[in-house]
Amino acid sequence: MELLGPYDSKNVEDKIYKLWEDSGFFNPDNLPKRHRKPFSIVLPPPNVTGVLHMGSALMVTVEDIMIRFERMRGKKTLWIPGTDHAAIATETKFLKEKKLSRNDFNGKREEFFKLVDQFATENRDVMLNQMRKMGASLDWSRLAYTLDEKRTKAVKGAFLRMHSAGLIYAGERVINWDTKGQTTVSDVEIDHETQKATLYTFKYSKDFPIAIATTRPETKVGDTAVAVNPSDERYQQYIGQTFNVEFAGVTLNIKVIADKEVDPAFGTGALGVTPAHSLIDADMAMRNNLPSIQVINEFGKMNDKAGALVAGKKTLEAREIIVNYLKEHNLIEKEEIIDQNIAKSSRSGGIIEPLPKRHQFFINVNKPIKERGNKTLKELMREVIVKKKIDILPERFEKIYLNWVENLRDWNISRQIWYGHAIPDAWYKGEEVKISAEKPGEDWQRIEDTLDTWFSSGLWTFSTLGWPEKTADLKMFHPTSVVESGYDILTFWISRMILMSQFLLGDVPFKTVYLHGLVRDEQNRKISKSLGNNIDPLDMISQYGADAVRMAMIIGTSVGNDSKISQEKFKAYKNFANKIWNASKFVQMNTQDFDPKAKIKLSADQKKNLKELEKLAKETTKLMDGFKFYIAGENMYHYFWHTFCDKIIEESKSALASPEPSVKAGTQYMLLEILSTSLKLMHPFMPFITEEIWQQMGNKSLLMIEEWPA
RNA sequence: GGGCGCUUAGCUCAGUGGCUAGAGCAUCCCGUUUACACCGGGGAGGUCAGGGGUUCGAAUCCCUUAGCGCCCACCA
């Protein structure tokens, strides 16, 4: 009997974790025979250079609850750990911490790659240990990294298959250029900020017949057309005509075109078309066969084609110069202040400048795929939700997802950074691009871009199981049962996994998506480094114990909703852990002499207690099945404290003192029964303390693999 | 501009047609001989944002108003 003093998590947790790890039961291959049906989850791979924060603590808690619950229920449970190389984020962090720039490496990419890799690995081990502290029952023998050898093979296989199916194409396109990060980014990596901007209405020159409106006059030196709505009567006479105009030191060749995308009600109803620096204009130029003139370079400065007046200037300076030019020449008709969205890179914060770039790889989401019933990726992504092959919890995110898929455009997967997967077998000669294992010819050169990091994480559910090899793991554990993540990466990650799995495997990557909310501080602020309001889960673990941290994370957080976390909450569940400890101590002290073979007599109330417990177990199971862990946990808390401790234990005190042996033995039986069943029911939530007590009760087996009581 | 959601006790939140609307924390009163003061017993505290409707019955379903929040978007 060792349950002395108040519960001290520090003496228990590391010891218990080692006990579990040594048992081998985190690995489904080692589980006893009764564990047959698979249940699998892939851990959303955190950035390799990250640290465990409140969001990851919540993620680990929810997933470990599911895994432990299903393991006890007899499933063959696999929870795969791993980390994400997070290309841009890691490269940026490395350069910043080492106070280096890519130029310092003089093009020595391999050397650079090695150093970043090493940097990443050091960080990784720290973070993985943090997950152990949380009690995560991850199968460490299957640890994966999005940039390790096996995953590289998967990436290459996926890329080549998509390319040969015609789903990946390359070419010169107007892309989102991050002027700070010096790379292209995809549509989802852009944030829009509303700003006040001046909308200028003006003519290129006095002899040009149509006035146009823009908030970016500096781009107008790259105009090749003016577009009007085909039904706009004001401009009918000019459609099809071409004008040569002198504008701010350059000669523009402006064709007047009709395009239905133009809103006749906005501005003058006429749009100056700048094919090189606007995505919508680029589309319009493609439809109307217009030339494109790049006037802004990759550093956000005007180039030589922009004319002597502004060449070499930053875009904002150039804007002033052009506006002055317009004023001097009396060309401005109207100036008004409007709200405008400006695009910024969500990673670097740099302004996004649309500009044309060669050799860019895209995933075509609108191409019918022969081997998938002529459906497009977009249709496949939509179908799995509509046909309920995948459930998203909470359901409202299905609408958000579908809405996003509707608006989906081709995905630019090229990145101009070094740390990441090289685009496999990619070569260029001038504008030409070829995918070939061998160098296609003398004049061909390697395309040195890397892939968007989400390309590799999109493969995660099956690349971690050995794909493209036909492994036993893949057969057993894919599709995975549940994917659990924050709703903020629904479009980045969840959607890409669906895309990849649908095409490459013709199957869903998971059956259920469980989305958790953001963890916020007491003032309802997002937890972020810049606010300095981060609560370190490790601090909380050392103050309150991992079980208390897990309870604090899960209770009061319903699926898909943000939650608030505060010190009081951790404290409350630390008290609960102590309550469990003391109640167990009481039971043990009073059942030392219990003989399992003794004749027992139960009072009507005691029988009722056992019935109630049975009911609670059934309800808990139902709630867990419905992913309502927060309610299940709260119910257990309430039952254990206010029913078992406050009522049942109190009432048992007199019965334990009964002179009638069968009454005493009956009471002992009941107490032991309720305690051990409670420990089982609470184990997914509070694994350390329940296992510790289970062990101290003299059980030979691990609570972790005990049979679930309902 | 399009879409989604939230508003329930002082605070954080549960509760998707049915007993008198719940929990945790906080608060107030009482209580220290042996499981636990990291405790026990008791109490106060809510026109479920406002209005309208459906229903035998509404926090829950529908409409509407207000406030707050999120996502998407190439009105230049």
Side-chain angles (χ1 to χ4, degrees), chain A residues 3-8 174 176 187-188 190-192 197 199-201 212-217 219-220 223 226-227 261-274 277-284 338-341 343 354 394-409 487-488 490-491 517-518 520 522-524 544-545 548 551-552 555-558 560-590 628 630-631 633-635 637-638 641-642 645-647 649-650 652-653 671:
Chain A
L3 303 172
L4 297 170
Y7 175 60
D8 183 3
V174 173
N176 306 307
D187 295 342
V188 286
I190 296 175
D191 294 330
H192 296 277
L199 180 71
Y200 299 94
T201 303
I212 57 165
T214 184
T215 53
R216 298 198 62 188
T219 64
K220 299 291 102 182
D223 281 11
V226 164
E261 289 296 305
V262 180
D263 176 2
F266 187 88
T268 60
L271 162 67
V273 184
T274 322
H277 298 292
S278 152
L279 296 169
I280 185 174
D281 292 11
D283 287 348
M284 224 178 263
I338 62 162
D339 283 328
Q340 190 197 219
N341 282 333
E395 214 179 318
R396 66 171 188 277
F397 281 99
E398 294 188 351
K399 292 179 196 163
I400 292 176
Y401 171 88
L402 289 172
N403 180 265
W404 181 79
V405 170
E406 295 295 329
N407 295 313
L408 190 59
R409 298 188 302 165
Y487 63 70
D488 51 333
L490 178 66
T491 53
L518 301 175
R520 294 169 179 277
E522 288 117 298
Q523 287 145 57
N524 203 23
Y544 303 106
M551 284 295 272
I555 292 186
T557 61
S558 61
N561 289 332
D562 293 352
S563 56
K564 280 171 216 178
I565 197 73
S566 59
Q567 298 266 343
E568 282 75 46
K569 216 169 161 185
F570 294 112
K571 203 177 144 201
Y573 295 109
K574 184 193 175 185
N575 293 350
F576 181 50
N578 195 48
K579 189 75 182 176
I580 298 173
W581 187 256
N582 282 308
S584 304
K585 194 188 332 183
F586 174 86
V587 173
Q588 289 226 359
M589 284 170 63
N590 289 284
K628 301 197 170 180
Y630 50 105
I631 302 177
E634 205 173 296
N635 284 354
Y637 173 96
H638 200 250
W641 199 315
H642 300 296
C645 294
D646 291 351
K647 299 207 171 72
I649 286 187
E650 288 309 317
S652 74
K653 283 178 181 170
L671 289 173

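Proteins come first, then strands; the chains are lettered A, B, ... in the order of their sequence lines, and each starts at number 1.
At distances below 3.5 Å, not a single donor-acceptor pair connects side-chain atoms of Thr274(A) with backbone N or O atoms of His277(A).
Taking atom CG of residue Leu408(A) and atom P of nucleotide C71(B), one finds them 18 Å apart after rounding to whole Å. Summarising the geometry, the separation between CD1 on Ile649(A) and P on C36(B) is reported as 11 Å, rounded to the nearest angstrom. Between Lys653(A) atom NZ and G41(B) atom P the separation is 11 Å, expressed in whole Å. We find that CD1 of Ile555(A) is positioned 9 Å from C1' of A23(B), with the value rounded to whole Å. Between the P atom of A23(B) and the CD atom of Glu634(A) lies a distance of 9 Å, rounded to the nearest Å. The CG atom of Asp646(A) sits 9 Å away from the C1' atom of G41(B) (whole-angstrom rounding). The nearest whole Å value for the distance from the NZ atom in Lys647(A) to the C1' atom in A35(B) is 18 Å. Distance NZ (Lys585(A)) to C1' (U34(B)): 11 Å, rounded to an integer number of Å.
With a 6.0 Å radius and a threshold of 12 heavy atoms from other residues, nucleotides or ligands, Glu406(A) has its CD atom above the threshold.
By the side-chain contact (heavy atoms from CB on, under 4.5 Å) test, Lys571(A) is found to be paired with Tyr544(A), residues two or more places apart in sequence or in another chain being considered. For His638(A), the ring-ring contact (aromatic ring centres under 6.0 Å, His included) test picks out His642(A), with sequence neighbours left out.
Contact between Ala583(A) and Ile649(A) at its shortest, heavy atoms only, is CB-CD1, 4.0 Å. The nearest pair of heavy atoms linking Gly269(A) to Val262(A) is O-CG1, 3.5 Å.
Across the C1' atoms, A59(B) and G22(B) are found 12 Å apart, a figure rounded to whole Å. Nucleotides C13(B) and A76(B) are separated by 36 Å at their P atoms, to the nearest Å. If you take atom P in C61(B) and the same atom in A73(B), they sit 30 Å apart, rounded to whole Å.
The shortest distance between the side-chain N/O atoms of Tyr7(A) and the OP1/OP2 oxygens of C36(B) is not below 4.0 Å.
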Exercise. Between Leu279(A) and Asn176(A), is a side-chain contact (heavy atoms from CB on, under 4.5 Å) present by the stated rule, with each step listed?
Worked result: CA-CA 9 Å; Leu279(A) 296 169; Asn176(A) 306 307; 3.7 Å; yes
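Using a 4.5 Å heavy-atom cutoff, the side chains of Tyr200(A) and Ile212(A) are not in contact.
With the nearest nucleotide of RNA chain B identified for both Arg396(A) and Lys579(A), Arg396(A) has the one nearer the 5' end.
Using a 4.0 Å heavy-atom cutoff across all strands shown, Tyr487(A) reaches no nucleic acid atom at all. Residue Lys574(A) is classed as a base contact, given a heavy-atom separation below 4.0 Å to a base.
Considering CG of Asn575(A) and CH2 of Trp581(A), their distance stands at 15.5 Å, rounded to 0.5 Å. Taking CD of Glu650(A) as the reference point, atom CZ of Phe586(A) lies at 7.5 Å (rounded to 0.5 Å).
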Identify all pairs in which a protein N or O lies below 3.5 Å from an N or O of nucleotides 72-76 of chain B, and state each distance.
from: C72(B); atom 1: O2'; to: Asn407(A); atom 2: ND2; distance (Å): 3.4
from: A73(B); atom 1: N6; to: Asn341(A); atom 2: ND2; distance (Å): 2.9
from: A73(B); atom 1: N1; to: Asn341(A); atom 2: ND2; distance (Å): 3.1
from: C74(B); atom 1: OP1; to: Arg409(A); atom 2: NH2; distance (Å): 3.4
from: C75(B); atom 1: O2; to: Asp263(A); atom 2: OD2; distance (Å): 3.0
from: A76(B); atom 1: N6; to: Asp263(A); atom 2: O; distance (Å): 2.8
from: A76(B); atom 1: N6; to: Phe266(A); atom 2: O; distance (Å): 3.1
from: A76(B); atom 1: N1; to: Asp263(A); atom 2: N; distance (Å): 3.3

Considering only nitrogen or oxygen atoms on both sides, find all protein atoms under 3.5 Å from nucleotides 24-30 of chain B and state each distance.
from: G24(B); atom 1: OP1; to: His642(A); atom 2: NE2; distance (Å): 3.3

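Ranking C4(B), A35(B), C36(B) by closeness to the Ile400(A) side chain, first place goes to C4(B). Side-chain proximity of Asn582(A) to the nucleotides A23(B), C36(B), A14(B) is greatest for C36(B).
Ring orientation note: the planes of Trp641(A) and Phe576(A) are close to parallel, at an angle under 30° on the 30°/60° scale.
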Would you be so kind as to tabulate the donor-acceptor pairs closer than 3.5 Å made by side chains of residues 396-403 of chain A, with sequence neighbours excluded?
from: Arg396(A); atom 1: NH2; to: Gly560(A); atom 2: O; distance (Å): 3.1
from: Arg396(A); atom 1: NH2; to: Asn561(A); atom 2: OD1; distance (Å): 3.3
from: Glu398(A); atom 1: OE1; to: Lys388(A); atom 2: NZ; distance (Å): 3.2
from: Glu398(A); atom 1: OE2; to: Ile392(A); atom 2: N; distance (Å): 3.0
from: Tyr401(A); atom 1: OH; to: Met381(A); atom 2: O; distance (Å): 2.9

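Where RNA chain B pairs in unbroken runs of 3 or more (Watson-Crick or G-U, both distances under 3.5 Å), the stems are B:1-7 with B:66-72, B:10-13 with B:22-25, B:27-31 with B:39-43, B:49-53 with B:61-65.
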